[in-house]
Amino acid sequence: KMAVERSRLFDSIALFSCGIALGYFLANSNKSTDEENEMKIDHFVIRSRDKTNECKYFYKLLGMEVEREEDSIKWISNPKLKPVMFPNMRINKSQVIDLFPSETSALWCEETKGQVDHYCLSMNSKHHLKCLKNMKDANIKCVKQFKAYGARGHGWSTYFNDPTGLYIELRNYDVDS
C-alpha cells in the first residue's frame, strides 16, 4: 500500500513538473529575443510506436514539417548505424517533436512508465482556425473546445487525440477579455 501511495506521489510530482515546464514554454515560445539565460523547451518526445506514419500525418495537419525522415528509414533498416535517427516534426526554428517508433524502444526512459496527460501548442487565431479546418477535413474529431484560463490569461482551447491517444491542446489567446 505504501509503495502504491509513493508511486502516486511521484506521478503527481512528475505531472506538476511537466505542467510548470509547459506553462513556461507557452509563456515564452513567442519571444523573439535570445537572452543569455533564457530557457525554452527544446523538444517533446512521443513514443509513437507503430503509429509513426499516422503521427507524421497528424502533425502535418498542424502545419509542421517532417525532418530526418530518410535518415530514420535507413536507420530502422540497419539499427547498427550511428547515430540513431528518428523523425522530427518541426514546430518552429528552435523546437521539435521527436517521434520514437517501436524500433527505438531501447532508448526509451525506463523510469517513465506513464503518459503525459496532454501538451499544449499555442498559436495565433488564424493558424488555430487553419488547424481546425485541416482536422475536420481529415475526419479527426474534436474532443472538446472552450474558453479557458492558461499561462497567458484566457484563450480558446481545442482538444484532439493524436494517433497514440495523447491529448493535444491547441490554444490561441486572441480573445476579448
Side-chain angles (χ1 to χ4, degrees), residues 7 10-11 13-15 17-26 28-30 32 34 38-124 127-143 157-171:
S7 176
F10 287 134
D11 287 348
I13 292 169
L15 283 173
S17 299
C18 186
I20 291 171
L22 284 172
Y24 188 84
F25 166 74
L26 292 173
N28 292 288
S29 63
N30 293 326
S32 58
D34 257 346
E38 185 177 274
M39 277 191 267
K40 290 185 178 183
I41 292 179
D42 182 73
H43 64 277
F44 295 94
V45 177
I46 297 175
R47 295 175 182 167
S48 54
R49 295 177 169 84
D50 62 339
K51 303 253 187 240
T52 300
N53 286 332
E54 293 92 332
C55 284
K56 288 187 285 191
Y57 173 75
F58 181 86
Y59 290 108
K60 283 180 183 178
L61 293 174
L62 299 179
M64 297 179 199
E65 296 293 323
V66 181
E67 295 181 351
R68 300 179 359 146
E69 188 167 26
E70 289 180 24
D71 292 330
S72 172
I73 292 167
K74 289 177 191 172
W75 182 83
I76 287 172
S77 67
N78 183 2
K80 293 182 181 181
L81 291 175
K82 299 291 180 197
V84 173
M85 297 298 270
F86 42 83
N88 302 121
M89 301 305 298
R90 175 65 52 192
I91 297 172
N92 57 42
K93 68 180 181 176
S94 62
Q95 295 163 326
V96 296
I97 297 173
D98 296 333
L99 300 176
F100 275 16
S102 296
E103 293 84 357
T104 63
S105 63
L107 304 173
W108 296 356
C109 177
E110 292 180 29
E111 290 79 28
T112 305
K113 303 290 185 202
Q115 208 176 153
V116 174
D117 180 70
H118 77 279
Y119 65 89
C120 179
L121 299 172
S122 179
M123 59 194 65
N124 65 36
H127 191 169
H128 194 165
L129 289 172
K130 181 180 178 186
C131 290
L132 295 179
K133 181 186 181 320
N134 290 344
M135 295 299 193
K136 182 179 178 185
D137 291 349
N139 292 318
I140 296 174
K141 294 187 184 336
C142 170
V143 176
S157 294
T158 308
Y159 291 81
F160 297 93
N161 289 105
D162 81 355
T164 68
L166 186 63
Y167 231 11
I168 310 298
E169 176 184 359
L170 307 180
R171 170 174 288 214

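Throughout, residue positions are numbered sequentially from 1 according to the sequence presented. Basis for what follows: all heavy atoms, side chains included, without hydrogens, waters or symmetry-related copies.
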Take Met89 and Val96 through the side chain to side chain contact (heavy atoms under 4.5 Å, CB included) test and state the conclusion after the steps.
-> CA-CA 5 Å; Met89 301 305 298; Val96 296; over 6 Å; no
Walk me through it: do Met123 and Leu170 pass the test side chain to side chain contact (heavy atoms under 4.5 Å, CB included)?
-> CA-CA 7 Å; Met123 59 194 65; Leu170 307 180; 3.8 Å; yes
Tyr119 and Ile46: side chain to side chain contact (heavy atoms under 4.5 Å, CB included), yes or no, with the steps?
-> CA-CA 11 Å; Tyr119 65 89; Ile46 297 175; 3.8 Å; yes
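For the atom pair CE (Met64) and CD1 (Ile97), the distance works out to 4.0 Å, reported to the nearest 0.5 Å. Put simply, CG on Asn88 and CD on Glu65 are 12.5 Å apart, with the number rounded to the nearest 0.5 Å. Atom-to-atom distance recorded for Lys141:NZ and Met135:CE is 13.5 Å, nearest 0.5 angstrom. Going from atom OG of Ser102 over to atom CG of Asp50 covers 5.5 Å, rounded to the nearest 0.5 Å. The distance from atom CG of Leu61 to atom NZ of Lys136, rounded to the nearest 0.5 Å, is 14.5 Å. Taking CG from Leu99 and OG1 from Thr104, the interatomic distance works out to 9.5 Å, rounded to the nearest 0.5 Å.
Within a 6.0 Å sphere centred on NZ of Lys130, other residues, nucleotides and ligands contribute 12 heavy atoms or fewer. Counting heavy atoms of neighbouring residues, nucleotides and ligands inside a 6.0 Å radius, atom CD of Glu67 exceeds 12 of them.
With hydrogens and angles ignored, the 3.5 Å screen pairs no side-chain donor or acceptor of His128 with any backbone N or O of Ser122.
The ring pair (Phe, Tyr, Trp, His ring centres under 6.0 Å) pairs that include a residue from residues 46-87 are Phe86-Phe100, where partners are two or more places apart or lie in different chains.
Leu132 is not listed as a side-chain neighbour of Cys142, based on a closest heavy-atom distance of 4.5 Å or more.
Here the closest heavy-atom approach between residue Cys55 and residue Pro163 is recorded as N-CG, 3.7 Å.
Looking only at atom types and distance, the side chain of Ser157 has a donor-acceptor partner in the side chain of Arg171 under 3.5 Å away.
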